[in-house]
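Sending over a structure as structure tokens; questions will come in a sec.
All ligand and atom numbering here is 1-based and tracks the order in the structure.
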Amino acid sequence: MCGIVGYTGPRDAGPVLLDGLRRLEYRGYDSAGIALVTESGDLFVEKRAGKVAVLQDAMGDHPPRAGIGLGHTRWATHGRPSDLNAHPHSDCTGRITVVHNGIVENFRELRDELKAGGHTLQSETDTEVVAHLVEDAYAGDLADAVRVALARLEGAYALVVLHRDEPERLVGARLNAPLIVGIGAGESFLASDAAAIVAYTKQVIFLADGDVADVTPGGAVITDLSGAVVERKIDIIPWSVEAAEKGGYEHFMLKEIHEQPAALTSAMTGRLRHDSVCLEELDPIRDRLTGIDRVELIACGTAYYASLVGAALFQEWLGVPARSTVASEFRYSPPPINARTLVVAVTQSGETADTIAASRLAGDRGALVISVTNTVGSAITRESHAAVFLQAGPEVAVAATKTFVTQVATLVMLAADVAHHLGRLPAAKEQELVAALRRLPEQAERAIELAATTEEMADRYAEAAGFMYIGRSFGYPAALEGALKIKEISYLHAEGYAAGELKHGPISLLDADVPLVAVATRSAVYEKLISNLMEGKARDARVLAVATEGDTQIEQLATDVLWVPDTLEPLSTILAVIPLQLFAYHVAVKRGRDVDQPRNLAKSVTVE
Ligand code: F6R
């Protein structure tokens, strides 16, 4: 939520910051703003409600030249999206300016105190208090003043602060929200994530909670909140700027759907050994895995749907109770947790506030925590004893696609690895699984080809009043995820339901205007699913089935069929979701929606 970028160095800062903001826009796009210290030493601030393009128009063709500046793209929490509430926010003197991602929870109290002390606050935001606190604390050294101000804040923040009179220096700080420092040749950056700066440098420092970064063109000095210097290593970003560009596709979402075969290959790289699965990341915690007697998966949104597959497999292969819970519920109603509980936190961004808080709670109560994430250096990796990376590359579209399929594949490998090392996965079964995993990228490619029909189908379904998605067993998470894709990007209502539950209520929604989308791939529950499909058909609903190639029966029953290749049941979720992603994409395009940046959403949800 919210994207931050800062630059200090010899380049013209304005274009660098605008470029960074465009690449961070997926984090929030209610409003955007920029602050620059111009060559004549003035502080130039421009901020607008709307997307970065609106800000760019407002700045015109010749924004002032500057060697330092900061920028922000916002997902509103406190204060509606407006020019006034857009970041950056400045102090009373107009010398200090701040951008912020997170929530200052005690901002009302601080506002009252600042107003009583004679400060004038202009906006409705929580962020503005920070600029005024820094103003009060400033005695010639910006980093010192920021540290004093931070001591007053409760909540979460990634902040970048600039003082007009120190025109080579940016001060950044983080607590429960991401911030990285980019180290270039004679230039430095601060950013919410690497996408904003990878065009300029691949060398980054992932700041830890409580870090304050004093950044100049020559590099960065990192301290804790007391001012004591802390050492942080430099990491190298493993992907290039092209990975975060559209590469000829009309939308990032379409590109990322097409990247799924390669993302699956990458997720499996180094993890399949002959006939077995091995995740080296688990080696340091193998001793603790032997005593596990229960598995709890925690996640939000799409990651939660992926985690349902993981829970089913842990339970089946380990023979211990396993379940998945949405992190925001787990936090406030946690199950009994002890040292024999394995908690698996699934999060693409590694930043989702609820998932992080739930993992922390589990860790504090003694659980062994493994995170499954796409983001190296993200906060969740610090809340877990081992981190398993998706290796899917950057995902820019707000609607998750390639990270869903790689989450499922990674959870399958994780459950198989743990079951293997505990001696509970028969060799023949593992051999069969590995063979099926190896076929998966090619099959995903075929699923994409077969789903070419979704473009034409979208014409016939785009005006539906809503959709009902159903599935059973491993088809159920695919149904849930398919429904979420439609909701997110087309703004049509869709229910994802366990097929057996249809008759217990939601069947009343079905009629000629509400199609039934049935995940009916080959499985042990296929016949049961067909009965549910027939129940829908009998209510005049059009039936769109996702089915396994070669299924002759389904053609007689469904109005339309989306074909996918045959695979093992635990992997069927991955292939079944592909046509549903493309169906949602084409429906959204037909309806003229903003596919990559749907309304009201942001990719990383760093607020609770
Ligand atoms: C849906 C989507 C969201 C995320 C959810 C969790 O397309 O992207 O539902 O899955 O916000 O995000 P992560 O995985 O980053 O924790």
Side-chain angles (χ1 to χ4, degrees), residues 1-3 26-28 75 101 176-178 192-193 195 251-254 256-257 260 263 267 297-310 324-331 344-360 371-381 383-384 387-390 392-408 410-411 469 477-478 480-491 494 496 577-578 580-585 588 593-608:
M1 320 235 91
C2 302
Y26 69 88
R27 302 180 65 87
W75 187 85
N101 170 23
N176 294 327
S192 298
D193 79 39
H251 296 100
F252 278 109
M253 184 181 178
L254 190 60
E256 287 157 7
I257 290 171
Q260 291 182 116
L297 292 98
I298 46 178
C300 302
T302 286
Y304 167 67
Y305 300 149
S307 74
L308 293 172
V309 176
S324 182
T325 311
V326 289
S328 52
E329 291 297 316
F330 184 98
R331 289 181 64 183
V344 180
V346 189
T347 163
Q348 184 283 129
S349 61
E351 286 176 28
T352 300
D354 284 317
T355 310
I356 289 169
S359 306
R360 190 171 297 156
S371 56
V372 173
T373 179
N374 200 29
T375 316
V376 176
S378 58
I380 197 72
T381 61
E383 300 296 336
S384 49
V388 180
F389 295 105
L390 302 181
E395 187 176 68
V396 178
V398 165
T401 53
K402 66 175 176 173
T403 57
F404 174 76
V405 298
T406 51
Q407 277 164 351
V408 175
T410 306
L411 287 166
Y469 284 63
L480 292 170
E481 176 61 4
L484 181 62
K485 292 302 91 148
I486 276 277
K487 280 186 270 209
E488 281 184 295
I489 62 170
S490 74
Y491 316 153
V577 85
I578 290 174
L580 298 180
Q581 295 166 340
L582 280 159
F583 179 69
Y585 171 81
R593 303 306 189 209
D594 187 343
V595 172
D596 284 337
Q597 294 175 347
R599 70 184 180 197
N600 303 342
L601 292 173
K603 192 154 183 74
S604 304
V605 186
T606 54
V607 293
E608 294 168 19

Worksheet item: What's the verdict on side-chain contact (heavy atoms from CB on, under 4.5 Å) for Ile486 and Phe583, showing C-alpha distance, side-chain angles and the deciding distance?
Response: CA-CA 8 Å; Ile486 276 277; Phe583 179 69; 4.1 Å; yes
Item to complete: Could you please spell out the steps behind the side chain to side chain donor-acceptor pair (under 3.5 Å) verdict for Gln581 and Thr401?
Response: CA-CA 7 Å; Gln581 295 166 340; Thr401 53; 5.0 Å; no
Practice prompt. Return the protein residues near ligand 1 (heavy atom under 4.0 Å from any of its atoms), ordered by chain and residue number.
Written response: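 Cys300, Gly301, Thr302, Ala303, Thr347, Gln348, Ser349, Thr352, Val398, Ala399, Ala400, Leu484, Lys485, Glu488, Val605.
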Item to complete: Indicate yes or no for a side-chain donor-acceptor contact from Asn374 to the backbone of Ala392 under 3.5 Å, with no hydrogens or angles considered.
Response: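 It does hold such a pair.
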Practice prompt. Would you mind checking if Glu256 and Lys402 are paired as a salt bridge, meaning a charged N to carboxylate O distance below 4.0 Å?
Written response: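 Salt bridge: no.
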Fill in: Heavy-atom closest contact (Leu484 atom, Gly301 atom, distance)
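Looks like CD2-C, 4.4 Å.
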Worksheet item: Who passes ring pair (Phe, Tyr, Trp, His ring centres under 6.0 Å) against Tyr469, sequence neighbours left out?
Response: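 Partners of Tyr469 under the ring pair (Phe, Tyr, Trp, His ring centres under 6.0 Å) test: none.
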